[in-house]
Structure formats: C-alpha cells, structure tokens
2 protein chains.
Amino acid sequence: MASSVSLAEIRKLSPEADKSWLDTIIKGDCVAALEALPAGSIDMIFADPPYNLQLGGDLTRPDQSAVDAVNDHWDQFESFQAYDAFTRAWLLACRRVLKPNGTIWVIGSYHNIFRVGSSLQDLGFWLLNDVVWRKTNPMPNFRGRRFQNAHETLIWASRDADAKSYTFNYEAMKAANDDVQMRSDWLFPICTGGERLKDENGRKVHPTQKPEALLARIMMASSKPGDVVLDPFFGTGTTGAVARRLGRHFVGVEREDSYIDAARKRIDAVEPLGKAELTVMTGKRAEPRVAFNVLIEAGLIRPGQVLTDSRKRFKAIVRADGTVVADNVAGSIHKVGAAVQGFDACNGWTFWHTEKDGELAPIDEFRTIVRAEMARAG
Amino acid sequence: MASSVSLAEIRKLSPEADKSWLDTIIKGDCVAALEALPAGSIDMIFADPPYNLQLGGDLTRPDQSAVDAVNDHWDQFESFQAYDAFTRAWLLACRRVLKPNGTIWVIGSYHNIFRVGSSLQDLGFWLLNDVVWRKTNPMPNFRGRRFQNAHETLIWASRDADAKSYTFNYEAMKAANDDVQMRSDWLFPICTGGERLKDENGRKVHPTQKPEALLARIMMASSKPGDVVLDPFFGTGTTGAVARRLGRHFVGVEREDSYIDAARKRIDAVEPLGKAELTVMTGKRAEPRVAFNVLIEAGLIRPGQVLTDSRKRFKAIVRADGTVVADNVAGSIHKVGAAVQGFDACNGWTFWHTEKDGELAPIDEFRTIVRAEMARAG
DNA sequence: GGCTGATCTGAATCATCTA
DNA sequence: GTAGATGATTCAGATCAGC
C-alpha cells in the first residue's frame, strides 16, 4: 500500500496517465517533491508545517519581496522573513497541484499561524474558516506567566476567491452534531495512549503527532470517498492512516526515513471501512431537480387546483402549463410565491401547500413521491 | 468624567506633568491622536480595529429577511496592502505610548487577524498568547457552505521580546477558574439585551459592540487597579466603562461624534467597584454539549456498528460521518429514531442502544463518559 | 403579573444550473 | 462568458404580542 517511489521514476512516466504516486510516500523536500506531481491533481491538502522560527539552513528559497518596515529588530525580522519565504514556497507548490475546487487545511500555533494565514491570503487562497482545536488535555503553563495554551488554530481555504463548488459535507456535519450546524471550535484530546507511536525504547517517534480524530473530522467535512488527499509534511502518517480508513487516497511527502518507515507500517495496518459506512449524508441540494409540471403530468396536482401558503393568507391557482396565477401575477411557483409576499425570492416548494382531508401539506411532499419513483426507475 | 480634549490643548501642556488626558475620549484619527500622548505612558492597550470584512453582495436568511451586515465606510480597504499599512501605522503609534512592560490586546476575525498578528511580530512585539473568544450565541451560517463562524481571536503581546515584568494576575485567574489555570479559550455570549446600546429608534448604536465580560476578563488578567488602559478604536466605550468599573484609568480615541456621545453618557453612568470587590471575578462556564460523532471520534462507537432500540424492534447502522441508517432512512440518531417509529421527534440518545456482553445499554452512557472529559476542558 | 408562542437579530468574506 | 431561472439555507437569546 504505502511504498516509496523515486522522483525520477515518476517524472519519466506520462503525468496524465500516471497514478503510481497515489497512496505513496514521496521522500524528499516538499517543494521539490511536489513538482513531480501533475498540476490540478489533488482534492484536499492537510499541512502541519514546522513552526520552529529558527530555521537556519532548512529553507529552500530566497525571499523576493521588498521590506518596507523600519525598525531595530533586524535579527528577529530576518528570521520571520525566512519563515515567510519558506511558507510561500510550499504554499505555492501546493496551490499548483490543487484542483480548482480543492481546499487546503493548515494547522499551527500562534508562533506561525499568522504568517501562514497572511501568506495564504497574499497568494490568492480564499479563507473559508479558521477553526480552533480545543484540547481537552493541554500541557499546563509551568511558569504561570501566561494563559494555558489550550488550543491550536486551523485555517481552511479554497484555491481561489471565486471557488464555489468546493466540497463541504454540510448535512453530514450537521446530522452528526445533534442536528445543529458544526461550529468553528472543535474539542479533541491530544494524541496519547495507544494511538501515539512509540519506538522500541518507549520514546515517541514524532514530537507533534496529531490525533486521528482531528484528521477524520477534517476529511469527513471537506472531502469525498475516492478523493486524493495530500500531506506535504507527512511525519508519521496520520493523514495517510485516516485517509485509508475513510476510503480516500493519500500522497505524503516526508524527508526523514524514520518517519517514513513508521508511517508505512502504520498505514499498512489500517483496515479500510466499507462503502456503506462511508456513505455521506446529503441534503436536498444533491437531489435531482424536479419541474413543477411533472407533478401535474403525474396527476398529483391538477390544473385549476388551489394552492395556499401555510397560513392561508395567499392563494394561487395551478394552470395546465405548470405555472400558477395569483391576483395579478403569473409565473413559476417560486416567482409567484415571492411576488405575493413582496420578496425577491421564495422557495415555492415549501411555500405553497395543498389541502388534503382538511390538513395542509407542502407541495414538496409530492416532489418527494416523484423523486422516489425516479430513483426506482433509475 | 469622560470629557473630550483637543490635541492642541494637550500639546501645549508639559507632557510630563500633564495628566489631563486621563479618563477622556480624544476625538480624531487614532495615529494622529496618539502622537499627542507622552511616550511610555500606557500600561495596557485594547484594540478592536476594523476587520476588513470584504463582504460581497447582500445576504438573506432562510426566511428571506435581510442580514444587517457591517458595511460601514470605516471597514472599507482597497487591498491587503492598504490594510497592512493602516495596521502598521496604528500599531507603531501604540507601541510608542506603551510602557516597556506594557501589553497590548488586539481582537479580530479570520479576515484580518493574520495580518494583525504578522504585523505585531514584524514590529517587534512579542506574542504571549492567542486567545479564542468562543461565542455561546454566534450568528448561523445561513447558506450552509461553511462551518458556523463561532469564535473570534484575540492576540496578547508584550512590547518587546525580553519584557519580563508585564502584568499577569495568574493567581487571580486561576482562582476565578475553579482553581485550575485559565485556558486560552474563553466562552462568552455576544453583546445583546440591556447591555447593547440602542438609539431612540431602537437601532444598535455601534455595529460591533463588544461584551463587557470580555473586557473585564482582559483587564482582570493583565492590568492592575490604577493602571492606564488605552483603546485606540473606542467606539461606544466598552473599554472605558469596564475600566471605570474596575478602578482603571482609560484613554479612548474615536473619530465619530455619535459614538463619542454615546460612550460618554455610558461611562458617566458607571458605578466604580470598591476595592474589596475588585479581587476575583468568575466567568460563565460551558454547558457541555456532546454530539454523536464525538463518540465515534473518541472510539466509543465505531462505524458499521449496529444500534437497536431497547426492545430490538428497530435497528440502525452507524456511518463514519456520524449519521445512522435504518431501512430506508438516514440521518442523525434523532431523525432516524423518529422515522422508524413514525414519530415527529425522538431522543436518539435514550432510544438507541448498543449490545455489550449480551446486555443492552443506551448510547447515552457513552455520552456520560465523554462529558466527564469535556468538563475537564471547561 | 405570568406564561406561551411568534418575531427579531447578531463583525458574514454564505449558489448552482441551464440556455 | 453571462443572463436568467431555480430553489437551498439558521442558532441562541432577547423581545414582544396575546391571553
């Protein structure tokens, strides 16, 4: 499952046809490694970049941007600049491989997340949410000079400002959250216990292993089964393990052999879930469209029938062509519904009702019947 | 108490002896106004700058009513560069008037907070914490395209990296927080009800008035009685009102006359607390709400597992997204529980059971386990 | 006055498909 | 690409109307 491939091997293959990089860990620096992947090939990215600000020689590209600040903190400023250059480089590489409707998640702490967020904005990503991971069991502040650092911040962004059809499983998130919208503050324990990878001496393999529950929430929210999820700082492969379990493909980039080895073993041991368990809750948006006149043709509504709103303040009469008429307005169920209320818009399906045995029922119920028949007919 | 003084008036006085600007609102642009204050004269700054929301078209609620958006002229910026220049200018002005051991708080949303955080770091401030204000009652996401934006971010920073003796009332915070360290995630309602300033027509005076509880937490944590607290974007004077109540001096800078008038009346009506009452204040605590997917994420319930009612008449299968499926219905535990019984509503927590060692137990028992952990995290 | 249910509102970067 | 039509979408809490 999780085998390592060389860059050269990938490059000599046709990028179009080549899918050999799916479900693999690419060894190397993330900017260079990502150049080997085809543009627009990734559905979702999760990135947990280093936030050590004393980066030294690890940075890959010189900074090209002008410095217009004047202050007496040159040393410090230079290291922020270096971190910014590093950040822009890997974010640009990620942006190239991301599909137009793909999204990226980046996690960080107050040491680096403001640099990351600014860079995302500067490079043209469009921020969708910032999400707070509240830790149930954070490390205490030992010196008592600050608040206990009990959260980390995630940024969720689309590739472009006008990206509209990115994946967000709104109904699934809501249904899973006691039927109320999922908020931007999430509560999870940090990664400890059996989930935490240890070496033969009982020492943790990676210093900042993220909990699988966090990655699962992210992937369930913003990806679909079969999607390709990239992690440019793969570490010990939490992203890969969760992706495999949830029926997503992964690509990881990692420099350290010890992490790659641990990740590969870990991912190979994962048992993927079945199709039924992975089916995602969808809402009306995903249902096939039904035109109003189909209800007439099916005999569920007849021409001349009277429609009213739920409080019987307005009424409209159905015409044979699938339009309706109220006082001085005629048109679609939506147009007429909006007009009688004086609104710009209206969902006619839920606004208009018919009377059946003395009880009012929205015409949307007939649409449900039609949809069920459509589903049976394929 | 809260009188307005002209810049010229302040300037002609000796800056050393002059304290006439204490407990006043200075009318004008904040950068220019701050030039009139002596350097190193401020103990703590709270700043609620424009967020640069970049809103597109109008937004309507599902009932077609209009959302009252923040589209004020003061929140319009041409570009991120323009916003950054504005941010650096006012932060530099703040830095000059801040005492060497003073600290600054800035609040923002994901639209601007990354720019603010980066600028703070670039200008030599030293970040101490980022703090999350979790809203008990945030505005919903009306289109279902993102997570509900349920928090705002505060950054707390000292003037310099090597500042050691800034004020942090660690013991008071801990005592106020049930004798455990105060965390970086705080829970408060947004400012509504009697606290929200309204004009004679019942409309809100300021679009973004902050709750006094938030300011009280900030001042109790990071200032002492008698300290001078500056607010460069004073608005309707929440900072001034809380400062006066808590025995701190304030200085406010504000451009709009209507806000200044409202703030002055408001502050004059504040009754300062006595010395004894200034010691410990407590905040509201969370009512632990647990969603079904938390049990999955915690590994207490696994995707594919079968749930039944107490008499095993109905069964449902758990999916990875936190929804469940029975015969022809899918959705939340509540929705599906209601559907299989033919009811309108159902408490899925007590209706659905799992089998463990041949005995049925309601899934509510798992929730109890999770609640214990959540309680620890506040 | 008290209770019940309807209405209103809050820092919001909030569509998608067909012609 | 753009214009027009379809039709999807809200939580907590304060306030108010009506009994």
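Here is the naming used below: chain letters follow the sequence lines, and residue numbers restart at 1 for every chain. Values in this document were obtained by computation on a predicted structure and should not be read as measured data.
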By nearest nucleotide on DNA chain C, pick out whichever of A163(A) and D75(B) is the more 5' one.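 The residue whose closest nucleotide sits nearer the 5' end is D75(B).
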So which one's nearest nucleotide on DNA chain C is more toward 5', R145(B) or C191(B)?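 The residue closer to the strand's 5' end, by nearest nucleotide, is C191(B).
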Nearest-Å distance for atom pair [atom1]/[atom2], residues [X] and [N]:
{"X": "R196(B)", "N": "dG13(D)", "atom1": "CZ", "atom2": "C1'", "value": "14 Å"}
{"X": "K198(B)", "N": "dA14(D)", "atom1": "NZ", "atom2": "P", "value": "11 Å"}
{"X": "R183(A)", "N": "dA12(D)", "atom1": "CZ", "atom2": "C1'", "value": "10 Å"}

Anti/syn call for dT13(C), syn if |chi| within 90°: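 Syn for dT13(C); the angle stays within 90° of 0.
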A cation-pi test, strictly: NZ or CZ of [X] under 6.0 Å from the centre of the six-membered ring of [Y] and no more than 45 degrees from its axis. Yes or no?
{"X": "R115(B)", "Y": "F114(A)", "result": "no"}
{"X": "R145(B)", "Y": "F168(A)", "result": "no"}
{"X": "R255(B)", "Y": "W74(B)", "result": "no"}

Is the phosphate of dT6(D), meaning OP1 or OP2, less than 4.0 Å from a side-chain N or O of H334(A)?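 No.
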Look at T192(B) and dG13(D) and indicate whether a side-chain polar atom (N or O) is within less than 4.0 Å of OP1 or OP2.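 For dG13(D), neither OP1 nor OP2 has a side-chain N or O of T192(B) closer than 4.0 Å.
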Does the side chain of [X] come under 3.5 Å of the side chain of [Y] through a donor N or O and an acceptor N or O?
{"X": "D179(A)", "Y": "S332(B)", "value": "yes"}
{"X": "S118(B)", "Y": "S118(A)", "value": "yes"}
{"X": "H151(A)", "Y": "S184(B)", "value": "yes"}
{"X": "T238(B)", "Y": "R266(B)", "value": "yes"}

Salt-bridge present (K210(B), E195(B); N to O < 4.0 Å):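 No salt bridge links K210(B) with E195(B).
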For E152(B), is there an ion pair with R134(B) - N to carboxylate O distance below 4.0 angstrom?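 Salt bridge between R134(B) and E152(B), a charged N being under 4.0 Å from a carboxylate O: no.
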Rounding to an integer number of angstrom, what distance separates [N] and [M] when you compare their [atom1] atoms?
{"N": "dT13(C)", "M": "dG4(D)", "atom1": "P", "answer": "29 Å"}
{"N": "dA12(D)", "M": "dC14(C)", "atom1": "P", "answer": "22 Å"}
{"N": "dA11(C)", "M": "dT15(D)", "atom1": "P", "answer": "15 Å"}
{"N": "dC19(D)", "M": "dG1(C)", "atom1": "C1'", "answer": "12 Å"}

Just call it for [X]: base, sugar-phosphate, or nothing, with non-hydrogen atoms closer than 4.0 Å on any strand.
{"X": "D48(B)", "result": "base"}
{"X": "K335(A)", "result": "sugar-phosphate"}
{"X": "S65(B)", "result": "nothing"}
{"X": "G193(B)", "result": "sugar-phosphate"}
{"X": "R203(B)", "result": "nothing"}
{"X": "P288(A)", "result": "nothing"}
{"X": "G57(B)", "result": "base"}
{"X": "L127(A)", "result": "base"}

Quick check on side chain to side chain donor-acceptor pair (under 3.5 Å): which of D130(A), N129(A), T103(A) does W156(A) satisfy it with?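 By the side chain to side chain donor-acceptor pair (under 3.5 Å) criterion, W156(A) pairs with just one of D130(A), N129(A), T103(A): T103(A).
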When you compare the protein's N or O atoms with those of nucleotides 8-11 of chain D, which come within less than 3.5 Å of each other, and at what distance?
unit_1  : atom_1 : unit_2  : atom_2 : d
dA8(D)  : OP1    : R367(A) : NH1    : 3.4
dA8(D)  : OP2    : N347(A) : ND2    : 3.2
dA8(D)  : OP2    : R367(A) : NH2    : 2.9
dT9(D)  : OP1    : E171(A) : OE2    : 3.0
dT9(D)  : O3'    : Y170(A) : OH     : 3.4
dT9(D)  : O2     : F142(B) : O      : 2.8
dT9(D)  : O2     : R143(B) : NE     : 3.3
dT9(D)  : O4     : Q64(B)  : NE2    : 3.1
dT10(D) : OP1    : Y170(A) : OH     : 2.7
dT10(D) : OP1    : K174(A) : NZ     : 2.5
dC11(D) : OP1    : Q181(A) : N      : 2.9
dC11(D) : O2     : P138(B) : O      : 3.4

As an exercise, state the distance from CG of L154(A) to CZ of R217(A), rounded to the nearest 0.5 Å.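 Here the interatomic distance stands at 11.0 Å.
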Rounded at 0.5 Å granularity, tell me how far OH in Y110(B) sits from CD in Q121(A).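 CD of Q121(A) is found 10.0 Å from OH of Y110(B).
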Would you check if I113(B) and I155(B) make a side-chain contact, meaning some heavy-atom pair closer than 4.5 Å?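 When only atoms from C-beta onward are counted, I155(B) and I113(B) do touch, with a gap below 4.5 Å.
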For DNA chain C, note the earliest and the latest nucleotide, 5' to 3', having some atom under 4.0 Å of a heavy atom belonging to chain B.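 So the contact region on DNA chain C extends dT9(C) to dT16(C).
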Writing each nucleotide of DNA chain C 5' to 3' as (, ), [, ], | or . by Watson-Crick or G-U pairing under 3.5 Å yields .|||||||||....|||||
